[in-house]
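Here the structure is laid out as structure tokens; the discussion comes afterwards.
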Amino acid sequence: MTLLLLILILLIGGVLAWAAARRSASAARWIALIAVLADFFITLNLWISKPAAGAGRWITEADWAWIPQIGVRFHLAVDGLSLLLLLLTFFLGVLSVLASWREITDAVGFFHLNLLWILAGIAGVFLAVDLFLFYFAWELMLVPMYFLIAIWGHEDRIYAAVKFFIFTQLSGLLMLIAILALFFVHHGATGVYTFEYEELLNTPMAPGAAMWMMLGFFIAFAVKLPVIVLHTWLPDAHTEAPTAGSVVLAGLLLKTGAYGMLRFVLPLFPDAAHAFAPVAMALGVAGILYGAFCAFGQTDLKRLVAYTSVSHLGFVLLGIFTWNSLALQGAVVTMICHGISTGALFIIAGAIQHRLHTREMGQMGGLWAVVPRLSGAALFFALASLGLPGLGDFVGEFLVLLGAYKQSILLSVLATVGVLFATFYALKLVQRAFQGQNTFNWSVPDLAPHEGLVMAVMIVALLWLGLYPRPVLTTFEPVVAQLEQLPAGR
Amino acid sequence: MLGLLWLVPAIPFAGALWLAVVGPRLRERAVAVIGTGSIAAATIVSLLIGAQFLSSPPASGAYTQTLWTWVGVGTFQPGIAFYLDALSLVMVVVVTFVSFLIHLYSTEFMHGDEGYSRFFAYMNLFVASMVTLLLADNLLLLYLGWEGVGLCSYLLIGFWYKDTVNGIAGQKAFIVTRAGDTAMAVGLYLLFHNLGTLRIQDLMQAAHDHWAVGSPLAVAAGLLLLGGAVGKSAQLPLQTWLPDAMAGPTPTSALIHAATMVTAGVYLIARTHVVYELAPAAQFAVAMVGILTLLMAGCSALTQWDIKRVLAYSTISQIGYMFLALGVGAWGAAIFHFMTHAFFKALLFLASGIVIEALHHEHNIFRMGGLRKELPVAFWTFLAGGCALAGLPLITAGFYSKDLILWSTANSPIGGALLWVGGLIGVLFTSLYTFRLIFLVFFGDVKTPVSHRPGMTMGGPVMVLAALAIIGGFVKGSFETLMTTALPPFHEAGLGVSELVSSTVAGVAFALGLVVAWYIWVLHPALADQAVEFSGGRLLHRFWFSDWGMDWLYDRLLVRPLVWAATINKNDVIDSIYDGIAAVTTTFYRAASLTETGKLRWHAAWIAGGTVVTLAIVMLL
Amino acid sequence: MLPIREGFIVAGILFTLGVVGVLVRRNLLFVLMSIEIMLNAAGLAFVIAGTRWGQPDGQVMFLFILAMAAAEVSVGLGLVLELYHQFKTLDTDAISRMKG
């Protein structure tokens, strides 16, 4: 019941915010903030009071019949993986509401409606364990995101929004086909029509069919992740979206792809995924290197940060398909830390754009003297992004690389070179934007108290994850154990 | 008392945090008290721990303190844990003590700088990271300190960020050292997967148990760790960042780029000495890196005109000696040279800082001169440091440590006559460039007037270091005994050169350098210019001046192609696939829409024609 | 008994005339007339076919066609009037707003 509440609070909160905005814009903001905060604390409470593991796969669940004729159920459940990602969702949700506090002045109510509905969709994706419901939630987060980019975005917003929509929609259709194929294959094998995740888990199927279905899921998630070659929607969407949109995109939407790989691709098609793993790992490494390389070439602050996502999510893909406990744990830690560090960089980029009305790094320089607190925060998150030990990203990346070494020395070494590449773009960002002479004589206010609070919270979170990641690791441990037990798990 | 070990990194870290958060709002004096006080506290704690450790050493010869488990996945359980033995003790005491002196010096040196609190925050963070590096019980924590000191080095080189050159120099330092760290990280994966732990002591034990001498894995591990060490310690082929790092404030150069951080590579190799003992090829590589670096950097030092760059090349060269010592198995000698080098090189940098500040930030030694009378404190301390660096026999610390290295090289199975002679030539070069510096800066005519004289907070630390640079060598005997509790003793074999012969030859090399320097730069100042007149001399001068052209090579080979390719690819070549698909679709849509003329008769004709054709097909087939 | 073959030929000629009329005339009124001719050609074909089988169905269909044609003309003329109001012409080539 709590799980349904999580989604309902967001859906209703969105509508309320929309309705309230006719009276006052700040009422809409407060309603949105309270709704997301409520969800955050509910989830936090769930995490802290988490009942002892061992009572089965799920920590808690909620199950109702929905369309019984074809075996569709409204089934929500959380395990360690989804719990962590839910926490991240609401954490970043709170921060993106705060980040839009000053930035969004047009159609405030509708903005928060969209924002909260995206969060509801994402929460649904992380919660659903009925494939039909999952697909429903998957599409639910798409439409409001489209509006968010297309209405409140920057110059090329329509182009970016359409590109985003086409990429994700087309790949979503592939997943729908794969879901239906699995549905019928399961019926063929057992005579039962069901979309229930746990029942579909051990569907017997021919290797060829399994490979095709696995690819259907994989491509859908690969577009979201994004895997190199399918990544080109990302820089445009991230760059053009408003700050909250970028934060949600980078911090959460990309994670749904990784989540899908962990939740569906590996467990549903272990043999096919195992056969495909070398290709996926190679794609991950290619993404790490290519993403970093592209990021290094950018002059637009947000675009640079966007490409770093391609690079970091390459580590996640590498970690997932490396498929041992080290790398899987690393992938999850990277997902969470990337959400925070990149989200923070987008908030900083947004704050800079809000002040200077440009994202072009050639127009900046010497900002350290002007906005020292903002620059210090930017330096901190740039360092997190380049994988400085002591901050969260390092733990994740190191675990992935350590695990990957066992599977392929070559890939692991190449990916380590990717960490070196990260230094290039992170230092370029700091150098171009904040150091050097203040050639353009900028004189703008430093971080406001609420912005400073957002930054401080994120800094503390990253330090905590970097120095004491045990709570995250132990939460995810049972899921890792299950993944490792899969027939082909290594 | 040993239980207070965690305070040694924690106090400077707390200081850094405090200064980072509230520093900008504090007055200069408060910042100085926090910044220097935290290091003083850490020094006192480390001295107390040292006294305790020496008076009643732990039974196993080492003390371990585990704070909490850091990561923890399966068998991978690195902790935030500290390990204290004679090796880390010596390093920590020297590092904290020298850091304290340099912090004290900085309170005056940085006076009036707008980034005063930022400077002390970075410096404190550096000390915290450096101590973490030294005390780390496992390689992952060591890596944390390792990257942390690299970060502080980057931040402090680019401390005066308004000048783009400084920022670029910082970037270069960070990137080049991180290139080495990449190798080191791979080394960590290799060690963990083959030996199943990253705790250094367990690792050494396991390596000893599982690997035979000369096993390929041991060689690979040794070479990968060496990769990290040459990056951090500015050895061949990754030495190019250190001379540029002189863009940072002088106390930074003294602390990070002379006394402490750059010797981290030496510490790493000494710490993992078992791996090198199992991999003679890797150990020989260490010796080769050392000897080549010390010679090449010695030549380069001879041609520089920037006082700090001379000292930078000298640092590279002296660390080359330490690598040589490690390479020939004289572990204790390397650490001994680290200690004396920390004293005299920090001293030289601090004294040169006094000179530079006295002359309106003048770095060019050819515009200095005659400062012997003008700045007596700087002169006498610089002379003491210079003599220690060049190895003035019997009375300076540098002589004892360097002599030990040379003697070990001559008598090691890995070393031999060739390496020994190389080391001796290095002594000659050292003496030559050191006295060139001293004669040009402190002798001759006054070329730039002195505008500023140092106060006691700058003069005091320099004098303390000068004393240490002289007397630091007298502890040689007890130092060696102490080191044997942590490091294997030196195995004597080979040439059988006695200490007396070795010392005498080194002394002769020193004297020769001194005399030649006197002859060229004092008696015949035109001689040096004449040497550069003819084309061969000029070419050699340019070649040495530009660090054997390695910067140029890296720039053309790596930096420029990468930057060029990244700029070309700004719009992401992969996106053109999708642009292509979009373009094809658009073309088809335009072609199809051409038929939509909007003319009724045209559409009717198509309908009629289409019907006729369809009917024809149906009827005829 | 009508001669079937000739009857169909007449119907075909009438239909072709109608089609050609639609295609070559630019005035909308003539287009409508041509459509009427085509409808009647189809009706003629129904009647002839009905006599061939001795069934009344063909003539019934013709009645339907007449009704439909009346409706079509009324709508068509209404559109023509409206178009004339808008464009001040009945030239079909001039009215080409549907161009893609």
Side-chain angles (χ1 to χ4, degrees), chain A residues 163 167 228-229 231-233 235-236 290 293-294 296-299 307 325-326 329-330 365-366 368-369 372-373 376 379 383 386-390 394-395 398-399 401-402 404-406 409 412-413 416-417 419-420 423-424 427-428 430-431 434-438 467-470 473-474 477 480, chain B residues 20 24 68-74 76 80 114-115 118 129 132 140-141 143-148 150-151 154-155 158 161-164 166-168 170-171 174-175 178-179 181-183 185-186 188-190 192-193 562-563 565-579 582:
Chain A
K163 200 169 176 181
F167 268 83
I228 186 174
V229 182
H231 69 269
T232 66
W233 63 271
D236 288 311
Y290 188 75
F293 173 68
C294 283
F296 180 57
Q298 303 305 316
T299 54
Y307 271 109
S325 56
L326 283 170
Q329 290 277 22
W368 197 295
R373 283 199 294 277
L379 174 69
L383 293 173
L386 68 76
L388 190 80
F394 168 76
V395 174
F398 191 85
L399 284 175
L401 293 169
L402 195 61
Y405 185 86
K406 206 188 252 176
I409 295 177
S412 175
V413 170
T416 311
V417 173
V419 179
L420 174 64
T423 322
F424 300 171
L427 296 190
K428 173 177 174 170
V430 173
Q431 177 67 29
F434 302 108
Q435 304 193 332
Q437 279 289 344
N438 185 1
L467 290 174
Y468 190 62
R470 291 296 305 280
L473 297 176
T474 44
E477 218 158 54
V480 171
Chain B
W68 68 82
T69 305
W70 182 9
V71 179
V73 178
F76 183 64
I80 303 282
E114 59 177 345
R118 195 160 54 93
S129 309
T132 309
L140 197 66
L141 187 61
Y143 193 73
L144 184 149
W146 190 268
E147 293 284 310
L151 164 72
Y154 158 75
L155 293 171
Y161 59 85
K162 286 184 181 164
D163 194 346
T164 310
N166 298 344
I168 300 291
Q171 260 183 15
F174 205 13
I175 289 171
R178 264 207 137 199
D181 298 351
T182 306
V186 176
L188 298 196
Y189 315 150
L190 189 152
F192 177 72
H193 277 294
L562 188 71
V563 172
T567 317
I568 292 291
N569 191 40
K570 187 180 164 193
N571 289 327
D572 197 349
V573 67
I574 291 179
D575 202 25
S576 51
I577 299 174
Y578 299 103
D579 283 344

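None of the values given here were measured: they were computed from a predicted structure.
For the atom pair A:Leu427 CG and B:Gln171 CD, the distance stands at 5.0 Å (nearest 0.5 Å). Taken from CG in A:Leu326 to CZ in A:Phe398, the straight-line distance is 9.5 Å, to the nearest 0.5 Å. Distance check: B:Ile80 CD1 to B:Thr69 OG1 gives 9.5 Å after rounding to the nearest 0.5 Å. For the atom pair CZ (B:Phe174) and CG (A:Leu420), the distance works out to 10.5 Å, reported to the nearest 0.5 Å. One finds the CZ atom of A:Phe434 at 8.5 Å from the CG atom of A:Leu379 (value rounded to the nearest 0.5 Å).
Looking at A:Ala369, both its backbone and its side chain come within 4.5 Å of chain B, counting heavy atoms on both sides. Contacts between B:Ala565 and chain A at a heavy-atom distance below 4.5 Å involve backbone atoms as well as side-chain atoms. Both the backbone and the side chain of B:Trp70 come within less than 4.5 Å of a heavy atom in chain A. If you measure heavy-atom distances from B:Phe192 to chain A, the contacts under 4.5 Å come from the side chain alone. For B:Ile175, the parts sitting under 4.5 Å from any heavy atom of chain A are the backbone and the side chain alike. Interface remark: B:Leu141 contributes no atoms to any contact with chain A (heavy atom separation under 4.5 Å). Heavy-atom distances place the side chain of A:Ile228, and not its backbone, under 4.5 Å from chain B. For A:Asn438, no part lies under 4.5 angstrom from a heavy atom of chain B. Only the side chain of A:Gln329 comes within contact range of chain B, with at least one heavy atom under 4.5 Å from a heavy atom of that chain. For B:Ile568, no part sits under 4.5 Å from any heavy atom of chain A, backbone or side chain.
Contact detail for B:Val71 and A:Leu473: the closest heavy-atom pair is O-CD1, 2.8 Å.
Between A:Val430 and B:Tyr154, the closest side-chain pair of non-hydrogen atoms falls below 4.5 Å.
Across B:Arg118, B:Glu114, B:Glu147, the residue that shares the most heavy-atom pairs under 4.5 angstrom with chain A is B:Glu147. Taking A:Trp368, A:Phe296, A:Tyr468 one by one and counting their heavy-atom pairs under 4.5 Å with chain B, the maximum is reached by A:Trp368. Of the listed residues (B:Leu562, B:Val563, B:Ile168), the greatest number of heavy-atom pairs within a distance under 4.5 Å of chain A belongs to B:Leu562. Between chain A and the residues B:Thr567, B:Asp181, B:Asn166, B:Thr164, the most heavy-atom pairs under 4.5 angstrom are made by B:Thr164. In terms of heavy-atom pairs under 4.5 Å with chain B, the best-connected choice from A:Val480, A:Val417, A:Val395, A:Thr299 is A:Thr299.
Judged by distance alone, with hydrogens and angles left aside, the side-chain atoms of B:Arg178 form no donor-acceptor pair with the main-chain N or O of B:Gly150 at under 3.5 Å. In terms of modelled atom types and a separation under 3.5 Å, the side chain of B:His193 and the main chain of A:Leu402 share a donor-acceptor contact.
A:Tyr290 and B:Asn569 form a side-chain donor-acceptor contact under 3.5 Å, judged by distance and modelled atom types alone.
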